[in-house]
Structure formats: C-alpha cells, structure tokens
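Below is one structure, written out as structure tokens; comments come after it.
Keep in mind that the numbers below use all heavy atoms, side chains included, and drop hydrogens, waters and symmetry copies. Sequence positions, counted from 1, serve as the residue numbers for this chain.
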Amino acid sequence: MSGKVIIVGYDEFMDLFVPAPPNEQEPTAKFQSLNFERVATRPEAKIYQQLADAFNQDWLMPKDTAVLTHLAYDSEGNKVDKTVVGVYLRSDVAVQDGTKTRLAFVELPIGCKDEHAEGDLSDDCDDTPSTGDEDLRQLKRDSAAVFEHQRRVHLFTLFISDETALINRWDRSGVVETAPFNFVEHPELLGRFVWRFARMSAEQRGHDPTATRIDPDSAEYRLMEERATPPQAVARASGHDDDIVPGDHARAAFAKSLKGGGVCWRLEVDDAHKGTRYFLVGRPHYVASGIVGRGTQTFVAIDQADPQGPFVYLKDVWRITSMGLEQEGRILERLNSNDDGGPVPFVPTVRCHGDVENQQTCSQKIWRKKHPTIPEEDCPLKAHRHYRLVVNEVGIPMTRFTNMEELVSLFTLCIYAHGEAYNRKGLIHRDISAGNVLIHARVVVGEDGVLLEDREPLLADWELAKNVYEPDEQPHQSDLIGTWRFLSATALSQPSKRIIVQDDIESLFHLLLYHAIRFLPHNCDDVGAFMDAYFDGYAEQDGLLYGGAEKLETMRLGRLLTPAGQALRFYMLPKKMSVKLPSQTTAPQHNGPPPPSSITHSSSTPSTSSTLSHKKISPPKQPRTLHPVNNLFAAYLQRLSAFYTLYGPPLVPELEESRDEEDENDDGEEQFTGTPTLLQQRMRAHLAAFQMPKQRPQPAASIIPEPLTPERRAELQAIAATLGDHKSMSAMFLQNLASFTWPRRDRCPDRLPPDLKPERGLKDGIISPKRCADVTLQTSDRDPKRMRSSVPS
C-alpha cells in the first residue's frame, strides 16, 4: 500500500516513540558488547532460539522474556505449523505453557528470516500479499491479529533478516518504520531498542488504559458466566423447530464470545453528559480486517450499571476526523430525539458514547512533516480518533429472514425509517449494506399471555450519515463512501458524486437482490459468476476503480440477466422440498460488514435441511412457478431504469438477450392462512392507510432503449420522480405484498459459494479505489476465478 509507510532514521524513531527512562542511565558499554553474530549466521529454524537467548538477560529485559511458541495456523486460518518468537511479560500465561502462540498476550511480535528479505513494509501495510518476503507478510498478519485480540492504540514489531533489522510502529493511520540497520555491526542499536522497550509503561507500549483485562477468578467474570447461561425455565413460544426462546439471540452471542479461552475486558465509555460507564465484553463479535483503517470491533456487552438488564451492543472504532464526519452517537441522538416530530423508528437507541481519552493516530503527522510542500488534504494517511458507542439493540443479520414476505416487509419499513430520517431530521444514511440493515427481535406478551417475538427492521451504522443541508467538505476526494457491493451504479461510476436519496434507495434494491440470489430458487446456474460480475465487478482507469458494467447496464436497461444472458427469474420452492425455516434467533449482527461465519454455508446452519447441499440446488422441473418477488423487482427496475435513462452515466455497449423458456405465473398454493405474525399485522395496517389498487404482474423492460420523444421523456420523468419519494417507494412495496400470494416457505439453502469472500473490496465502510483493488487481488491469489471482471479498463 504505497504511501502508507513513513521511513525515518533510527535516532528519529527512538526520539519519537521509544524514550529513555527518566531515572536510569543507559548501559552503553553493555549495548556494544552484545554479540548477535550467532543470530545472523544460524539457519532459520535456530534463529528464534538464538535471538531469545540474546534477549533473555536480566539487565536487558528485567520484566519480560522472549519465548518460542508454536504457531499452527496464521491469523487467516491458513496452516503454517512453525515456530515463532515474541516478547511477553514474565507473568503472563503464555510464558507458563510455552507451547501455543498467545497473540492476546504478546508485547513485541518478532519476525525472522535467515536470508535477506525481498521487500519491506513499504510494499503494503494493509495485509495484502506483496512481492516481498512471506515471513515479513506473516509478521504483518500476526500484527493485525494482535490488534484483534488486544485493546491496542499502537503496536511495535521487530523484523530480523540476515544481519538487518527493522523496527516498526503501527497505528490505525499507517506505519512508521526505521531505515534498515545492521544489528551485527552495530549491536548497540538493537540493544538500545530492546532495553528501552523493556522499561516502557504499558501505555507507552501501545496498550489502551481504558480497557482492563478481567481476571477469570473475579466477581466480574462470574457475572459474565452467569449471564451467559441459558434460562432454565422459559416456555417455548417462538413457533420454530429449535430450542432458542424469543429474544435469546443476544445471550447466545454473548455466551459464544466467552468460549475458546479468549480474554475478557472491562471497557470504559466516557460520555460527555452521562459520565464514565463500564461494560463487560468477551471476544469481539465482528472485527474489521487489517490494521490501517477504522479498525471497527463490535461486542455484545453487559452494562455494569445494570448487570442483570438487557444485553447491549458496543462499537469500538477509530473514526476518521479529517472528512467532516460527525460522531455516530450524536447522529443517533438526533434520530432518537423528540424534536422535529419525535424519534425515528427502526434505528438504534443510543445508550452512551464518546471519544476515548485523547487517543489519536500520529502516523499522519509524521508523514506531513516529511512532505511539507504537499497539501494536507492530499496526505494518504487519514487522521483517526478512538471512539466508543453503545446502543440498546442487539441486531440479527438480515440473512436470517424467515421467508421472502418477511424480508420485503422489513425492507418496506426500512424505506419508511430512511424517509423519516431524511425528511424530518435532515439526515441521509449513505451506507445501506448487508451489515447495516438488520432484524431486531423484541419479546412481547400476546393476548393469551404467551411470549411472542416481534421482528422489526433495524437500520443501523449511521457513522457515515450526512446532514443533507450541509455541503460536502471534500467533493474532490476519491475515496468512496459506503460498501462496494451495494453502492449505486452512479456512485461507482462517479466516485466524487454526492450521495442522494436515489442512491440509498438503489442500494436497497441491490441488497434485496443479494438476499434473493442467495436464498431463493432461480435459473442462475453460477451464483459465483453473478456475484463477481454484478456485485464485485469493476473497471480500472488511471489507477482508480470504477463500478462494473453489469450493475450499470441493469439499472439503465431495467433488466436482470444471468451470466448466460437469460432473464433472471426467481421461483417458488418445489412442494416436495421440505426446507426447515430459519431460526428467528441467531448470532447478532450490528454496525459493520457481517463476519464470514455469518454468511457462508455451514452444515450446522439451522435454516437448511441436512439432506440438501447449498451447491446442488437446481431450479425445479417444469412447470416452474414464478415467485411474486419477480413483480417487485420489475416494478423497482422500471423506476431505476427511468432515472438512469434521464440522469445516469452513459450506457456501456448493449448485450444481446438469450430468451428463456416460458414460465407460468401462479397465485401460489402455499398461502399462509394461520394467525398473522405481528409483522404481518403491521403491514396490513400500512396497506389500509394507502388505499391502493391491486398490482398487476409487471412486464420485463425492453432490452433496447426507446428513443426519447418529448412525451416519452415526460413519462420517464414522472416515473423517475417516484424513486426519490419515500412514500411512493413504500407504496410500491406494500402494493406488491397485497396483490400477490407470498408463500410461507420459499427459502432454499445458501447458494453463495464458500470460496467467495463476503464483502470483498470493503475497507471498513470507507472504500479507497486503490485499496479495493489490493483486496480483490488478495482473493484472486487463492482463486483466480473469483477475480473475473468483464469490464475492460
């Protein structure tokens, strides 16, 4: 990642980051007497022990020890099976067992190579494969894992290659690196660093003082174990074939965060109005990849002020301070407030929030000093500030929808919430994505006293939201705001474009399609190819990435096509196929892209039959009954196509359509006639308020654009205007729900290929085109087929 590394001289590095202890004289003579020749001349397998022996001297490291440990798998789950070395506190558990690498305890990760490494950290600092040395890349990956397992402000690492050493300091903005130095000819340089490092405080070493490890023998830990225990006597009332009671998804996720021997923490949140609050957490529920970036981590947490109360959701992030973005908590406070017509529904409720002390990145400051003639806004390193937010709601991934009727109903309410935020509060979300549109399960008591689960949408993660009345502060910046897969085709084609309502409404279309292509029967035989082309496609020009052709063509032509050129069609589930309904309660998701475990197929996923394979599902034999969602997509595309015909970017060369065989429409024989769910009751109330005529099946749009006569232009303008009208879009959804029979059971097992990484190209909400290319290339190294792009640059 060019531009993210600042190389400085050894003395400057030490003066900046590794100060001499104030009350102790440096033993210069001892530094010079250190003999590292045996380290440099040994084969790689013995370097680690020689280095540990050289470091493990009481005068050099009085409270630390260098320990050899076994690394079976790297931070990405790849089997490596090698010995590594790191510096640990003598009191830590990693020193006691001495076998397993404990990244939750390492103080100084060390990488070693018995010959000169080809490359350095300047090749890339986003954990992307470079042309450099594999051991150096392994050190980068392990460093990222340290940030995941520890609560870190910054981290020091050391790399030894032949007779050369590099010292690095990582933070969320970038990495400062010493120029390579010969530690055999100048042992005092390496010796001085190790001696000073051993005398630095935990805060100087990079530990976050507002995060405290919880002792497994403490009362706090016993409380966490108690709260993680399933309730013993709660009536089953979910109506599903599982043993999880309504509202128990948060407890189940919290219990999962305590498994596996991870470290638990007490985190402080300093709210300007509510004072300091404390929250108990286990392992993070979601972790953004890499070191450089916002470093988002989220947790299901216990509020120590209400230890027996509901679980809450804590978001720990290094927010960008250089892009005019407001604190997410302040945005939520505005959405939750009674001003401007009252609280906006279906958004998180802020409990407390605040910046973490004065924790800010400094790498960008060093870069600016090194480049005084370059304008500050052109600095490739962004300024970040540590921030925590706690909300009351613990969301469930939208992938856990019960059936398509529920999913469409939830999306309808999301449009309503988006409109309320826009029209009453003057806020636009700007990051509609799979990780931010969730399900919130509330437990209510029914008329007969039975516990019921009321499922609502939760439009979360407002940290990229913008006041619609304020101008963009950086209209020239090339960083895209949002999540690549779900950005509008216009935003992907014009990276500096201001995001407007129509972009967010289009993102909801892509999100609905994303769930349909994964969980409904259809005539697309290669879901991986479809995902590559439509959601992940890109074109490169002058070093920047732009959206692919397929998404733009779909928007302009109003036509969904399979990779084979057929019209994409969704079908009812075959009657003979018995697919278990998904659990209404599962591991939660909130504020960020979903972790791989939540959207890749697993044989234990409760929503699939044990006899079905997610890769073997084929469209049912003729006659095939079309699913009513086809009508919704056609109506949606009619509006999108009108908008793009009038206002969108130029159309790429047209595709010829391959005609598919005829399918039959059907009213559906699986209409749910039992007691309506709370969500169905809510949708019927909305339907009654709109008084709409019955919707007829929508014909597919013509593949050839019509000439724009004045009459046709006026017609398109009227249609396009509805795309930015929240009430009109809600009516379109409600009309389709009311006009067709939606089956109760229509999900099939997840058809997303396991080797297709979720949210590829995403850099924690802020997308840099060049960084996005690097992430894509990383995936392509493992599977070239996952890298296809049909758009030439």
Side-chain angles (χ1 to χ4, degrees), residues 67 69-78 80 84 86 88-89 91-107 109 141-153 155 202 206-230 249-268 278-291 295-304 311-317 388 390 394 586-592 594-598:
V67 179
T69 57
H70 178 251
L71 184 66
Y73 297 89
D74 65 16
S75 57
E76 297 180 347
N78 303 312
V80 291
V84 296
Y88 296 80
L89 290 173
S91 58
D92 276 338
V93 66
V95 179
Q96 308 304 322
D97 58 46
T99 55
K100 182 180 178 181
T101 300
R102 301 294 299 273
L103 295 175
F105 295 92
V106 66
E107 294 289 315
R141 291 191 290 266
D142 291 345
S143 300
V146 173
F147 273 87
E148 173 182 343
H149 291 282
Q150 301 183 24
R151 310 276 70 81
R152 282 280 183 171
V153 177
L155 175 71
H207 293 282
D208 179 1
T210 68
T212 305
R213 289 181 183 177
I214 296 177
D215 191 323
D217 296 326
S218 67
E220 291 172 324
Y221 191 81
R222 288 193 294 273
L223 170 66
M224 297 175 75
E225 286 189 316
E226 174 192 328
R227 293 298 313 278
T229 304
H249 62 280
R251 182 213 57 79
F254 183 77
K256 185 177 180 180
S257 73
L258 303 186
K259 294 180 180 179
V263 177
C264 296
W265 301 87
R266 182 177 69 249
L267 302 181
E268 298 179 16
Y278 299 91
F279 297 86
L280 309 181
V281 302
R283 296 199 316 273
H285 170 244
Y286 164 77
V287 179
S289 62
I291 300 175
T296 303
Q297 297 189 13
T298 59
F299 306 82
V300 179
I302 295 174
D303 185 348
Q304 276 200 298
F311 290 98
V312 296
Y313 212 79
L314 186 150
K315 180 178 183 178
D316 186 291
V317 64
R388 291 192 181 117
V390 182
V394 180
T586 186
Q589 175 76 18
H590 200 308
N591 294 340
S597 60
S598 71

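The backbone N or O of Ala228 sits less than 3.5 Å from a side-chain atom of Arg251, completing a donor-acceptor pair. Using modelled atom types, no side-chain atom of Gln304 and backbone atom of Glu220 make a donor-acceptor pair closer than 3.5 Å. The main-chain N or O of Asp208 is never found under 3.5 Å from a side-chain atom of Arg152 such that the two would form a donor-acceptor pair. A donor-acceptor contact shorter than 3.5 Å links the side chain of Gln150 to the backbone of Val106. Judged by distance alone, the side chain of Arg388 and the main-chain N or O of Glu268 form a donor-acceptor pair under 3.5 Å.
For the atom pair OH of Tyr221 and CG of Leu258, the computed distance is 5.5 Å after rounding to the nearest 0.5 Å. A distance of 13.0 Å separates NE2 in His149 from CZ in Phe147, rounded to the nearest 0.5 Å. Note that NE2 of His249 and CZ of Phe254 are 14.0 Å apart. Values are rounded to the nearest 0.5 Å. Note that the CZ atom of Arg266 and the OG1 atom of Thr212 stand 4.5 Å from one another [nearest 0.5 Å]. Note that CG of Asp215 is 9.5 Å distant from CZ of Arg222, once rounded to the nearest 0.5 Å. Separation of atoms CG (Leu267) and CZ (Arg151) is listed at 6.5 Å; rounding is to 0.5 Å.
Within the 4.5 Å cutoff, the side chain of Leu103 has no heavy atoms near those of the Pro109 side chain. Residues Ile291 and Ser143 meet the side-chain proximity criterion, which asks for heavy atoms closer than 4.5 Å. Between His285 and Lys256, every side-chain heavy-atom pair lies at or beyond the 4.5 Å cut-off. At least one side-chain heavy atom of Thr296 sits less than 4.5 Å from a side-chain heavy atom of Lys315. The shortest side-chain heavy-atom distance between Tyr313 and Val390 does not fall under the 4.5 Å cut-off.
Smallest separation of non-hydrogen atoms from Ala301 and Phe279: CB-CB, 4.2 Å. Summarising the geometry of Ala104 relative to Arg213, their closest heavy-atom pair is O-NH2, 2.5 Å, with the distance given to 0.1 Å. Residues Gly282 and Cys264 come closest through the heavy atom pair CA-SG, 4.1 Å.
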